[in-house]
**Student:** 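Okay, handing you the structure first.
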Number of protein chains: 2
Amino acid sequence: MNIGQASATSGVSAKMIRYYEDIGLMPKAGRTEAGYRVYTAADVNTLRFIRRARDLGMPIERIRLLVSLWQDRARSSGDVKRIALEHVSELRTKIAELTAMCEALEGLAHACHGDHRPDCPILEDLEAGGQQAPARVRRRRRIDAGQSQPGATA
Amino acid sequence: MNIGQASATSGVSAKMIRYYEDIGLMPKAGRTEAGYRVYTAADVNTLRFIRRARDLGMPIERIRLLVSLWQDRARSSGDVKRIALEHVSELRTKIAELTAMCEALEGLAHACHGDHRPDCPILEDLEAGGQQAPARVRRRRRIDAGQSQPGATA
DNA sequence: CCTTGACCTTCCCACGATGGGAAGCCCCAT
DNA sequence: ATGGGGCTTCCCATCGTGGGAAGGTCAAGG
């Protein structure tokens, strides 16, 4: 099987297949006399395994661990689970960060009337470094009004 | 004020300050005769504005828009709000993606006994391309057992 | 005055994972 | 034999950030 076929049946782009080989995530593919890479059905399975792990958001290094465990008949499922839970934990951290950002911005946007007037709590918050209480952003008390004049940069 | 002071008081690294200048997000800083960059308090405010926007997860190009709006006294708060809500929408999309990954992996990890035995639903799912029903992963029915022998890659 | 150390400058490289594209070779079908 | 599509390698770009080298500058203390 050529790389194009392997790509089509695994769902991994040819570019990525070469890259995975390059970084040692995939074993070196066999070659035809002309230098074309040759893939077996087992290779395609590995590629699919990798793609699936990528779909779960795993970084290459974690996938590398999982692949070696996968190929190790004497593995402990506990090791696999530990890696999986580690990733779950990182995902949760990331989700929490994004959620915090999202909520902060939603609160700001909610407080913004969003009409033709220039007056805007979002900009004010950005300007003030988010120091104000998120609730009741109404009272904008002109923090450092002298210096923070936009446009006075030069 | 030198770049070190500007960095310390704005919370943006000197490296990033130079980068922002380079890509035109910050105006070109003034220079001393020796070539040192010189910053004003207004510059530091801009830097803080940018940092705060970055903290909300915004990409540079969106921040660029926001900064120009911020410095435009004739802006409409509606424009600002639109940009903010656009970002909220992207954050929500990202959160949904991560949540889906997280839940999938949690389900798999839950089904894994996690002991010394090699038997592992996580690996089986990765191998099978996530085709099985997520609930009741208990029945692992040896999908394609002939081909998918790990380790048979070469 | 000279040295020392902290600061500044520019330039290059790296990350992680992916895509784009160019130059050139190969294979198959017509 | 010729054309088109597939393959090869190599380089570059993304995005935002950090690291580090080589060299200039400034301020303080001997």
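Order of the sequence lines fixes the chain letters, A, B, ..., with proteins taken first and strands second; residue numbering starts at 1 for each chain.
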**Student:** Going 5' to 3' along DNA chain D, which are the first and last nucleotides with any atom under 4.0 Å from a heavy atom of chain B?
**Tutor:**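 Nucleotide range in contact with chain B: D:dG16 to D:dC26.
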**Student:** Do B:Arg51 and B:Ser10 make a side-chain contact, defined as non-hydrogen atoms from C-beta onward lying under 4.5 Å apart?
**Tutor:**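 They are not in side-chain contact.
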**Student:** Please list all pairs meeting salt bridge (Lys or Arg N to Asp or Glu O under 4.0 Å) that have one or both residues in residues 19-38 of chain A, counting only residues at least two apart or in different chains.
**Tutor:** A:Glu21-A:Arg37
**Student:** Taking only nitrogen or oxygen atoms into account, show me every contact under 3.5 Å that the protein makes with nucleotides 27-30 of chain C, one pair per line with its distance.
**Tutor:**
none

**Student:** Heavy atoms only: give me the nearest A:Ser13-A:Ser7 pair and the separation to one decimal.
**Tutor:** CA-OG, 3.6 Å
**Student:** With the threshold set at under 4.0 Å for non-hydrogen atoms, list the residues of residues 82-94 of chain A touching DNA chain D in residue-number order.
**Tutor:**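 Within residues 82-94 of chain A, no residue comes under 4.0 Å of DNA chain D.
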**Student:** Taking the side chain as every heavy atom from C-beta outward, state whether B:Phe49 and B:Arg52 have any pair of such atoms under 4.5 Å apart.
**Tutor:**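 The answer is no; the side chains never approach within 4.5 Å.
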**Student:** Just so I know, are the side chains of A:Thr46 and A:Gln71 near enough to count as touching, which here means a heavy-atom distance under 4.5 Å?
**Tutor:**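 They are in contact (side-chain heavy atoms under 4.5 Å apart), so the answer is yes.
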**Student:** Rounded to whole angstrom units, what separation is found between the CD1 atom of A:Ile23 and the C1' atom of C:dT18?
**Tutor:** 12 Å
**Student:** Between P on C:dA17 and CG on A:Leu25, what's the gap in Å once rounded to a whole number?
**Tutor:** 10 Å
**Student:** Can you check the A:Arg37 CZ to C:dC26 C1' distance for me, whole Å?
**Tutor:** 15 Å
**Student:** What I'd like to find out is whether the side chain of B:Ile50 reaches to under 4.5 Å of the side chain of B:Leu25, using heavy atoms alone.
**Tutor:** yes
**Student:** Please list, in numerical order, the residues of residues 53-66 of chain A that have a heavy atom closer than 4.0 Å to any atom of DNA chain D.
**Tutor:**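 None, since no heavy atom is under 4.0 Å.
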**Student:** Within residues 10-18 of chain A, which residues have any heavy atom lying less than 4.0 Å from an atom of DNA chain C?
**Tutor:**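 Of all residues in residues 10-18 of chain A, the ones placing a heavy atom under 4.0 Å from DNA chain C are A:Ser13, A:Lys15, A:Met16.
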**Student:** Quick check: do B:Asp119 and B:His113 have side-chain heavy atoms less than 4.5 Å from each other?
**Tutor:**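 SC-SC contact between B:Asp119 and B:His113 confirmed.
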**Student:** Kindly give the heavy-atom pair with the smallest separation between A:Ile122 and A:Ala109, and that separation in Å.
**Tutor:**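 Between these two residues, the closest heavy atoms are CD1-CA, 3.9 Å.
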